[in-house]
Amino acid sequence: MIMAPMSVIDYLVVHELAHLKYPNHSKEFWQLVEAVIPNYKEKQEWLRINGRRLTI
């Protein structure tokens, strides 16, 4: 995770913090994530494409 761009790390942190309120991936969960990171889908896509490359 530390090797990801800062904007992707921000998304990951928000995603995990949102689970404190919603322990699932409900509509309300994604609304909360989007309220903080409006372009979160771009970050998800970046992780889908590049996530496996984040190794040390």
Side-chain angles (χ1 to χ4, degrees):
M1 184 170 127
I2 194 72
M3 296 175 68
M6 188 58 68
S7 63
V8 173
I9 293 171
D10 290 345
Y11 159 70
L12 291 169
V13 170
V14 168
H15 179 110
E16 295 307 319
L17 288 173
H19 279 305
L20 295 175
K21 185 167 185 175
Y22 301 104
N24 51 45
H25 289 114
S26 65
K27 179 181 172 184
E28 293 81 11
F29 170 87
W30 290 114
Q31 287 173 338
L32 178 57
V33 171
E34 187 173 31
V36 180
I37 309 282
N39 62 342
Y40 77 91
K41 289 182 182 180
E42 292 175 18
K43 311 313 176 191
Q44 284 179 324
E45 182 66 6
W46 189 94
L47 282 168
R48 186 187 68 75
I49 294 168
N50 300 292
R52 293 181 185 192
R53 297 180 194 174
L54 301 178
T55 60
I56 53 174

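Starting from 1, each residue takes its place in the sequence as its number.
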Hey, what do you get for NE2 (His15) to CD1 (Ile37), rounding to the nearest 0.5 Å? 12.0 Å
Write out all pairs satisfying side chain to side chain donor-acceptor pair (under 3.5 Å) with one or both partners inside residues 47-56, taking only residues at least two apart or from two chains.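 For residues 47-56: Glu45-Arg48, Asn50-Arg53.
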Side chain to side chain contact (heavy atoms under 4.5 Å, CB included) partners of Val33, counting only residues at least two apart: Tyr11, Val14, Ala18, Phe29, Trp30, Tyr40
Connected via hydrophobic side-chain network under 4.5 Å: Ile49 and Ile9: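 The answer is no; the residues belong to distinct hydrophobic clusters.
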Please report the shortest heavy-atom distance between Leu12 and Leu47, naming the atom on each side.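 Looks like CD2-CD1, 3.5 Å.
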Give the minimum heavy-atom separation between His19 and Asn24, together with the two atoms involved.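 The pair with the smallest heavy-atom distance is CE1-O, 3.3 Å.
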Tell me if the CE atom of Met1 is crowded by more than 12 foreign heavy atoms within 6.0 Å. yes
